[in-house]
Amino acid sequence: MITVFAEHFLNDAGQGYFADWVRDMEQELRFFDGFVMIEHMRDLKDPRRSLYFLQFESVEYLKQWTQSRLMIGFHRKIQDYELKDHHTQVLCSANADEFKGF
């Protein structure tokens, strides 16, 4: 299992759009091979942060997603709201071999 933690740095309009954007992404990802879940997250100390967790069954499925036209399209939809580049972290179990070479 591969988990992606992502944070987008958005203007006020983007923060208002973010929940819908994540929900729309989930609707499309349900049909994407290897997709497990996506969850809009909230920082309890700073609710203005725009965060989500995304999970795939393997690194290979994550790579397919990151290279897909669908993902590129979703990033274009949020791009105009970004104050700076988004930040992502790719995480897996400390015992997972599949993470090597990502």
Report the distance from atom [atom1] of [X] to atom [atom2] of [Y], rounding to the nearest 0.5 Å.
X	Y	atom1	atom2	answer
Leu62	Thr3	CG	OG1	10.0 Å
Glu7	His86	CD	NE2	11.0 Å
Thr88	His8	OG1	NE2	8.5 Å

Any side-chain heavy atom of [X] within less than 4.5 Å of one from [Y]?
X	Y	result
Asp24	Phe74	yes
Trp65	Val4	no
Tyr52	Met25	yes
Tyr81	Gln15	no

task: Run through Lys84, Glu82, Arg49, Arg48 and flag the one making a side chain to side chain contact (heavy atoms under 4.5 Å, CB included) with Leu10.
output: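 The side chain to side chain contact (heavy atoms under 4.5 Å, CB included) with Leu10 is passed solely by Glu82 among Lys84, Glu82, Arg49, Arg48.
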query: Among Lys77, Met71, Gln79, whose side chain to side chain contact (heavy atoms under 4.5 Å, CB included) with His75 holds?
result: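 Only one option passes, and that is Met71.
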message: I'd like to check the side chain to side chain donor-acceptor pair (under 3.5 Å) partners of Asp85; sequence neighbours left out, ordered by chain and number.
response: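 Once residues adjacent in sequence are excluded, Asp85 has no partner under the side chain to side chain donor-acceptor pair (under 3.5 Å) criterion.
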- prompt: Mind checking whether Ile72 and Phe56 sit in one hydrophobic cluster, side chains of I, L, V, M, F, W, Y counted as touching below 4.5 Å?
  reply: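 Both belong to a single hydrophobic cluster.
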query: Are Phe5 and Phe9 joined in one hydrophobic group, where the rule is that I, L, V, M, F, W and Y side chains link up if heavy atoms are under 4.5 Å apart?
result: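 Cluster IDs for Phe5 and Phe9 differ.
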- request: For Arg76, enumerate each residue passing the salt bridge (Lys or Arg N to Asp or Glu O under 4.0 Å) test, keeping only those at least two apart in sequence or located in another chain.
  value: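 For Arg76 there are no salt bridge (Lys or Arg N to Asp or Glu O under 4.0 Å) partners, ignoring immediate neighbours.
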query: Considering all heavy atoms of both residues, which atom of Phe53 and which atom of Met41 are nearest to each other, and what is their separation?
result: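 Smallest heavy-atom distance, with atoms named: CD1-CG, 3.2 Å.
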Enumerate donor-acceptor pairs with a distance under 3.5 Å from any side-chain N or O in residues 26-40 to protein atoms, sequence neighbours excluded.
unit_1, atom_1, unit_2, atom_2, d
Gln27, OE1, Arg30, NH2, 2.9

- request: Determine, stepwise, if the pair Ile78 / Phe18 fulfils side chain to side chain contact (heavy atoms under 4.5 Å, CB included).
  value: CA-CA 8 Å; Ile78 201 84; Phe18 189 72; 4.2 Å; yes
